[in-house]
Amino acid sequence: MIHREPEVASEANTLVRIEEAGFEARVFFSTLNQRIQVLSYDAQDAHLMVADFEDKARTVGFGKVFLKAPLSEKVCFEEAGMCAEATIEGYFDGQSAVVMSLFINEERRQRPHAQEQDDILKKIRERPASSSVPALPDGYEMSPGGLRDAAEVACLYREVFASYPFPITDPGYIASTMKSNVLYRIVRDGNGVLVGAASAETSPERHNAEMTDFATLPSQRGLGLAQHILAALEDDMAEREILYLYTIARARSAGMNRVFYNRDYEWTGTLVNNCH
């Protein structure tokens with residue numbers, strides 16, 4: 001049985017609750033990303049759950065299913081046909097998670113830019129990390145992002161990203177995240193123009209947060225704004241006792257990977273063709 005949860009649905013993503021014999025789950029059906037993302041589950045029969053998701057993905061023409069599971073369940077999901085792509089330290093309130101994926105077709109599994117991606121990450125690691133946070137340029141100010149900033153944040157994302165896995169160019173979507181467990185930090189220049197932003201998508205019950213949605217106007221790059229914002233978000237998380245931080249950075253984005261490398265984040269895997 002599938003229950004639609006329209007309050008968080010959009011054209012690109014539909015959140016549903018699935019109740020079947022042997023398991024229950026909350027999942028995103030993402031047309032934009034052509035995937036099923038399992039947000040949470042309770043599986044008495046993991047094999048049955050994976051088979052059910054595979055059938056649903058094939059029915060709607062999606063190429064991938066993925067979920068985050070405790071490391072203790074890794075072998076069980078591998079036996080059900082999934083593969084481990086990455087780990088996230090401390091994800092489950094101190095217990096590590098493994099990202100398990102099921103590729104519905106061989107095309108989705110291919111990495112045509114694998115060598116380029118690997119070379120970028122290798123080059124980043126060859127240089128010593130520098131965790132020092134640059135000062136903001138004169139006249140620039142950073143602050144928490146609030147509902148009054150939602151339209152400008154969406155406009156910034158619209159200008160920076162040609163595509164994105166979630167509808168962050170929609171002011172209504174940004175406002176809805178601000179009302180949930182997502183904290184934003186924004187930077188304005190001396191004229192009050194919003195030139196940079198990022199967010200921390202927190203899970204208070206699990207004491208973790210995904211550091212995400214980093215964007216800087218092209219004209220403002222090279223000023224260290226992203227690293228400044230990341231350091232501030234980390235302080236925000238410490239104040240809220242959010243202890244375990246992770247990110248999913250595009251492998252071909254050398255600048256963003258460098259920012260996280262400088263702040264002592266470690267590479268723990270690659271999610272292949274995970275999103276648009």
**Request:** Kindly indicate whether the side chain of V195, heavy atoms from C-beta on, has any atom under 4.5 Å from the side chain of T216.
**Result:** no
**Complete:** Smallest heavy-atom separation, M100 atom then A69 atom, equals CG-CB, 4.4 Å
**Fill in**
Output for pair (E24 CD, S40 OG), nearest 0.5 Å, gives 9.5 Å
**Request:** Evaluate the side-chain proximity of K64 to S101: yes if any heavy-atom separation is below 4.5 Å, no if none is.
**Result:** yes
**Request:** Determine whether M211 and R263 make a side-chain contact, defined as any pair of heavy atoms from C-beta on separated by less than 4.5 Å.
**Result:** no
**Request:** Please name the pair of heavy atoms, one in M178 and one in G145, separated by the smallest distance, quoted to 0.1 Å.
**Result:** CE-C, 4.1 Å
**Complete:** Residues at least two apart in sequence or cross-chain that pass salt bridge (charged side-chain N to carboxylate O under 4.0 Å, His left out) with E79, listed by chain then number, are none
**Request:** Taking atom types as modelled, find out whether R125 and Y261 have a side-chain donor-acceptor pair closer than 3.5 angstrom.
**Result:** no
**Message:** Does either side chain, that of Q227 or that of N262, offer a donor lying less than 3.5 Å from an acceptor on the other one?
**Reply:** yes
**Item:** Taking every non-hydrogen atom, the tightest pair across R250 and C275
**Value:** NH2-SG, 4.5 Å
**Prompt:** Do E126 and K123 pass the salt bridge (charged side-chain N to carboxylate O under 4.0 Å, His left out) test, and can you show the C-alpha distance, the side-chain angles, and the key distance before you say yes or no?
**Reply:** CA-CA 5 Å; E126 286 175 348; K123 187 174 182 180; over 6 Å; no
**Asked** So D149 and R188, side chain to side chain contact (heavy atoms under 4.5 Å, CB included) or not? Walk me through it.
**Response** CA-CA 11 Å; D149 307 303; R188 295 182 181 276; 2.9 Å; yes
**Asked** Linking I/L/V/M/F/W/Y whenever their side-chain heavy atoms sit closer than 4.5 Å, directly or via other members, would M142 and L233 fall into one cluster?
**Response** yes
**Message:** I need the F166 CZ to T212 OG1 distance, nearest 0.5 Å.
**Reply:** 8.5 Å
**Item:** Backbone N/O of Y244 and side chain of H207: donor-acceptor pair under 3.5 Å
**Value:** no
**Complete:** CZ of F214 to OG of S253, rounded to nearest 0.5 Å, is 11.0 Å
**Side-chain touch L136/L225, heavy atoms, less than 4.5 angstrom** = yes
**Prompt:** Does a sphere of radius 6.0 Å around CD in E89 hold more than 12 heavy atoms from other residues, nucleotides or ligands, not counting ones at 6.0 Å or beyond?
**Reply:** no
**Fill in**
Heavy-atom closest pair (I229 atom, G196 atom, distance to 0.1 Å) is CD1-C, 3.9 Å
**Item:** Hphob cluster co-occupancy, Y246 + L243, side-chain heavy atoms under 4.5 angstrom
**Value:** no
**Fill in**
Looking only at heavy atoms, the pair that brings Q220 and Y140 closest together is OE1-OH, 2.5 Å
**Request:** Please indicate whether E266 has more than 12 foreign heavy atoms, meaning atoms of other residues, nucleotides or ligands, lying under 6.0 Å from its CD.
**Result:** no
**Asked** How many angstroms lie between CZ in R221 and CG in L217, if you round to the nearest 0.5 Å?
**Response** 8.0 Å
**Item:** 4.5 Å side-chain heavy-atom contact, D213 and Y164
**Value:** yes
**Message:** Check for me, please, whether V99 and L39 land in the same ILVMFWY cluster - side-chain distances under 4.5 Å, paths through other members count.
**Reply:** no
**Neighbour count above 12 (heavy atom, 6.0 Å) for Q44 CD** = yes
**Side-chain donor-acceptor contact under 3.5 Å, N33 with H276** = no
**Item:** The single option from I18, V38, V16, L15 passing side-chain contact (heavy atoms from CB on, under 4.5 Å) against R26
**Value:** L15
**Asked** Is it true that F23 and Y41 have ring centroids separated by less than 6.0 Å?
**Response** no
**Message:** Contact between F29 and I36 at the side-chain level, heavy atoms closer than 4.5 Å - yes or no?
**Reply:** yes
**Message:** Applying side chain to side chain donor-acceptor pair (under 3.5 Å) to Y184 and T177, what does each step give before you reach the verdict?
**Reply:** CA-CA 9 Å; Y184 285 79; T177 64; 2.8 Å; yes
**Asked** When rounded to the nearest 0.5 angstrom, what distance separates CG in L71 from OH in Y91?
**Response** 13.0 Å
**Asked** Any donor-acceptor pair under 3.5 Å linking the side chain of R111 with the backbone of V272?
**Response** no
**Prompt:** Should the pair F260 and Y265 be assigned to parallel (<30°), tilted (30 to 60°) or perpendicular (>60°) ring geometry?
**Reply:** perpendicular
**Message:** Applying side chain to side chain contact (heavy atoms under 4.5 Å, CB included) to R58 and I104, what does each step give before you reach the verdict?
**Reply:** CA-CA 7 Å; R58 290 187 184 281; I104 306 304; 3.5 Å; yes
**Message:** If you count heavy atoms of other groups shown closer than 6.0 angstrom to CD of E78, is the number above 12?
**Reply:** yes
**Prompt:** So, do E85 and T270 sit near enough that their side-chain heavy atoms are less than 4.5 Å apart?
**Reply:** no
**Asked** With the threshold set at 4.0 Å, does a side-chain nitrogen-carboxylate oxygen contact exist between D52 and K56?
**Response** yes
**Complete:** Output for pair (Q34 CD, F62 CZ), nearest 0.5 Å, gives 5.5 Å
**Request:** Please determine if D235 and R185 form a salt bridge, counting it only when a charged side-chain N lies under 4.0 Å from a carboxylate O.
**Result:** no
**Message:** Donor-acceptor check, side chain of T268 to backbone of I88, threshold 3.5 angstrom: yes or no?
**Reply:** no
**Residue pair P70 / V98: nearest heavy atoms and the distance that separates them** = O-CG1, 3.9 Å
**Audit row: T247, L245, side chain to side chain contact (heavy atoms under 4.5 Å, CB included) steps and yes/no** = CA-CA 7 Å; T247 190; L245 311 181; over 6 Å; no
**Asked** With side chains defined as the heavy atoms from C-beta onward, is the minimum distance between P171 and R158 less than 4.5 Å?
**Response** yes
**Request:** List the steps, then state whether side chain to side chain contact (heavy atoms under 4.5 Å, CB included) holds for L67 with M49.
**Result:** CA-CA 12 Å; L67 56 83; M49 184 177 77; 4.1 Å; yes
**Prompt:** Is there a chain of hydrophobic side chains (I, L, V, M, F, W, Y, each step under 4.5 Å between heavy atoms) that links I248 to I242?
**Reply:** no
**Prompt:** When you look at F77 and F53, which way does the ring-ring contact (aromatic ring centres under 6.0 Å, His included) test go after all the steps?
**Reply:** CA-CA 13 Å; F77 279 112; F53 288 152; 9.4 Å; no
**Prompt:** Among the clusters formed by ILVMFWY side chains lying less than 4.5 Å apart, do F103 and M82 turn up in the same one?
**Reply:** no
**Message:** Could you check whether any side-chain N or O of N191 sits under 3.5 Å from a backbone N or O of V193, counting only pairs where one atom can act as donor and the other as acceptor?
**Reply:** no
**Message:** For E107, I'd like to know if atom CD has over 12 heavy atoms of other residues, nucleotides or ligands within 6.0 Å.
**Reply:** no
**Prompt:** Should we count CD of E116 as having more than 12 external heavy atoms under 6.0 Å?
**Reply:** yes
